[in-house]
Amino acid sequence: MNNAAPTRGRMRLYIGSGKTELFLLLVLGLLFLTFGYFSDVFFTVFNLMNLLRQTAIYGIVAIGMVFVIISSGIDLSVGSVVGFSGMITAMALVAGLPFFVAILLAIVLSAGIGLINGILVYDGKVPPFIATLGAMAVVRAVIMLVTNARMISGLPRAFIDISQATLFGVPLLAVAWIVLTIIAYFVIRKTVFGRSVFAYGSNKEAARLSGINVRRTIYGVYIYSAVMCAIAGILLTSRLSSATPTAGSGYELDAIAAAVVGGASLSGGEGSILGAFLGAIIMSTLRQGGTLLGLNAFVMEIIIGALIVVAVLLDQLRRKQGGTK
Amino acid sequence: MSNIAEMKGITKHFPGVRALHNVDLEVRAGEVHALVGENGAGKSTMIKILMGVHQKTEGEIFFDGAPVDIKNPLHAQSLGLGAVYQDVNLALHLSVAENLFMGQLPKNKFGIVNHAEMYRETTRIMESINVNVNPRAIVNTLSVALQEMVCIGKILRQNAKLVIFDEPTALLTTEETEQLFQIIHMLKEQGVGVLYISHRMEEIFRICDRTTILKDGEKVATVNTADVTEDDVISMMVGRSVQDMYGIEHVPPGEEVLSVKGLSRKNEFQDINFEIQRGEIFGMFGLVGSGRTEIVHSIFGASKPDRGTVTYKGAAAGYKNPRRAIKAGLALLPEDRKGQGLALGLTVTDNTNMASMGQIATLGVLDNRKGTQIAASFVEKLSTKTPSVYQLVKNLSGGNQQKVVISKWLAADSEFFIFDEPTVGVDVGAKVEIYKIFENLVKEGKTILIISSYLPEIMGLAERMLVMYEGKQMGILTKDQFDEERILRLASGIQEQERSDSPS
């Protein structure tokens, strides 16, 4: 009993923590079969690629959100940062700066917003909900002020082409999303930062008294989230061929929903990158499948809303069963 | 005396586990009945069945002479069962009166809450147990002890005939414990049956008429407490005889490793001075709130002292944060294991590696295989009972959780261990094992500072002891000066009569 049998433990761990993901995969499979059966176009390459392309942008935002939620925080500023990053990119490109510089500028400045969120939360002890709610409002207002609430167009063709490009037939947007997911999966499981996020989210005091660098961890999660938003913002601008001042509005809800459907717990210490990936794709599939079948878009939103609640409900039930000794 | 509650042949199966097997328990009206056993012996399951939280698999329950089938906690409450748990179960943001009357607020004919009556009744009930508390006071402004009294008041208002106390003194000071015992005595006089659960033998021997001992889900015996000794009860609990639990081997102390001079922190402690030698077990005793925990937190860099110096191994040790202290070789096992010691939702491996991630990482990337091996090696070394290193820590018993905390510091190669109440909520068997770990630590040349409110424990383990009272250092006693009465006098703020040379 005392000799922990690592092989058996590992198996159990994978089954244990993989439960949510497996379940989501099953749901996704069912959705695919249903939509594929009722619609002739659903299983066309064009449609599936389009699905990936549509999901990619908020899927990337959801990656950062998972980090924040595991740390028992929340980031409501994501949508505004997406818009902000798009605006910076577009302004820089219109001003004639090279791609590389424009993108770097957008990422660095967005990371700055993330840092401010981190400082407010760690040093200012402002609850994450409030700190990022403030950032959400302020950043959106800054966008409106700077752009005069007008969209910025006239972007170089080559930049717009990024979102249309494919790699071995897969849209570059989706490739970016998948690569960022893999990186985040690695960061969360295999790095000191990733484990610190879990430790802090699970028990703040225990983490501090165990010598975990709490400041760096909190700054880290909000910067990580902001950088994901920056990348999403750049890709969105390319996809829309312009930076619109309202770009990214409402993304916070989709990103939180994807993370939560994917098994993240708002009380911290729990969450899965793979789960958020599947959560995002399930929500997109419902939206797109609904459109293809000619279902009312509002009805689909009702279904998605219910899905979020049911996902958490099932998770609670599972926990209750596992919780009794 | 008649039985107020009688449980006959209670068996409880959980999926894959038999928690209770054919257990009998009877509590008489006007009796204080102790239920003892190691963690996992089935005490909690018994209470939960009685309180309607769990349903029995087999057996019968009679309450007040009639057979009952307790369906849920509300049902238990309406029958006249009440429970006071270790962690207070109150609405912290509401007033004392609102808590007492929760769910049954007195109303006038318009459906408006009759506050006057509610406050009057609350005062009457609380006064009946000699507790003076403002019924309008918000519960979270009260001390833990008063909150516990409010819990009792709530149960009394429901006219309970049987009151269960689950480790009620864990967070109380000696005086508060006395007050609680008086209340229990009053309940007894009123003919209420009391079921009392505690790890503290001296309490059981002081207030309990009879004792039922459980082991591995079965009843060992029910005895008249007056007919047996503490050792008898412990032997029945663990199934073997335990002689001198604290008999650990000390090592001759080496050079001075830690020195504290004039350490002060506003409202917490003033002018603390002591030195500790390598290999020593140094004790710190004082009642809850006497500043013990605050002192070690300051030494550990978790809070900043206002004045004074700490020197560790000859170097200044005013650590700015716990990270620096850990790097220097210090370790802290906090008093609040669940709140500060462990990340309960994470695995044994995660918790073991938490303080030493830097050692198994290259450029921030962890070698998870190595981390797992380290965790597994400490599970074996400390014989932590866990199905695997991937088990979530919240599923382990108190003693095994504590071993995981110790593993964390062993993995971090700590040399100076601060143990703040290391055996609270730990059963007897695991306590002995933890003391054995202490023995091994000092043998390996490590040093221990132990805080405990449990006098026999600290007298048995420590070689020297600092006694605290309300933030003041009352004295440092050496082993030959250890005397229960003397220590308690100091801890209650009574100065030692100094043999002064001055003329009287």
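Proteins get letters first, then strands, A, B, ... in listed order; numbering begins at 1 in each. Computed from a predicted structure; not experimentally measured.
Side-chain contact check for A:Arg195 versus B:Asn353: every heavy-atom pair is 4.5 Å or farther apart. Looking at A:Phe198 and B:Asp350, their side chains never come closer than 4.5 Å, going by heavy atoms from C-beta outward.
Interface check for chain A: of the options B:Asp367, B:Val348, B:Leu332, B:Leu342, the most heavy-atom pairs under 4.5 Å are formed by B:Leu342. With chain A as the partner, the residue from B:Arg323, B:Lys408, B:Met357 showing the most heavy-atom pairs under 4.5 Å is B:Arg323. With respect to chain A, the highest number of heavy-atom pairs below 4.5 Å among B:Thr349, B:Leu366, B:Thr45 belongs to B:Leu366. Ranking B:Gly341, B:Pro334, B:Ala343 against chain A, the residue ahead of the rest is B:Ala343, based on heavy-atom pairs under 4.5 Å. Of the listed residues (A:Ala199, A:Gly269, A:Ser210), the one with the most heavy-atom contacts under 4.5 Å to chain B is A:Ser210. No other option in A:Gly268, A:Ser196, A:Gly201, A:Ser202 has as many heavy-atom pairs under 4.5 Å with chain B as A:Ser202. Listed options B:Ala361, B:Ala302, B:Gly345 were ranked by heavy-atom pairs under 4.5 angstrom with chain A; first place goes to B:Ala302. Of the listed residues (A:Ala207, A:Ala206, A:Gly194), the greatest number of heavy-atom pairs within a distance under 4.5 Å of chain B belongs to A:Ala206.
Annotation: B:Lys338, atom NZ; neighbour count of heavy atoms from other residues, nucleotides and ligands within 6.0 Å does not exceed 12. Residue B:Lys320 places its NZ atom among 12 or fewer non-hydrogen atoms of other residues, nucleotides or ligands, all under 6.0 Å distant.
Of the atoms belonging to B:Lys327, not a single heavy atom falls under 4.5 Å from chain A. Proximity to chain B (any heavy atom under 4.5 Å) is restricted, for A:Phe186, to the side chain, taken from C-beta onward. If you measure heavy-atom distances from B:Asn321 to chain A, you find no contacts under 4.5 Å at all.
The structure places CD1 of B:Ile326 at 9.0 Å from CD1 of A:Ile212, a figure rounded to the nearest 0.5 Å.
Side chain of A:Asn203 to backbone of B:Leu344: no donor-acceptor contact under 3.5 angstrom is found.
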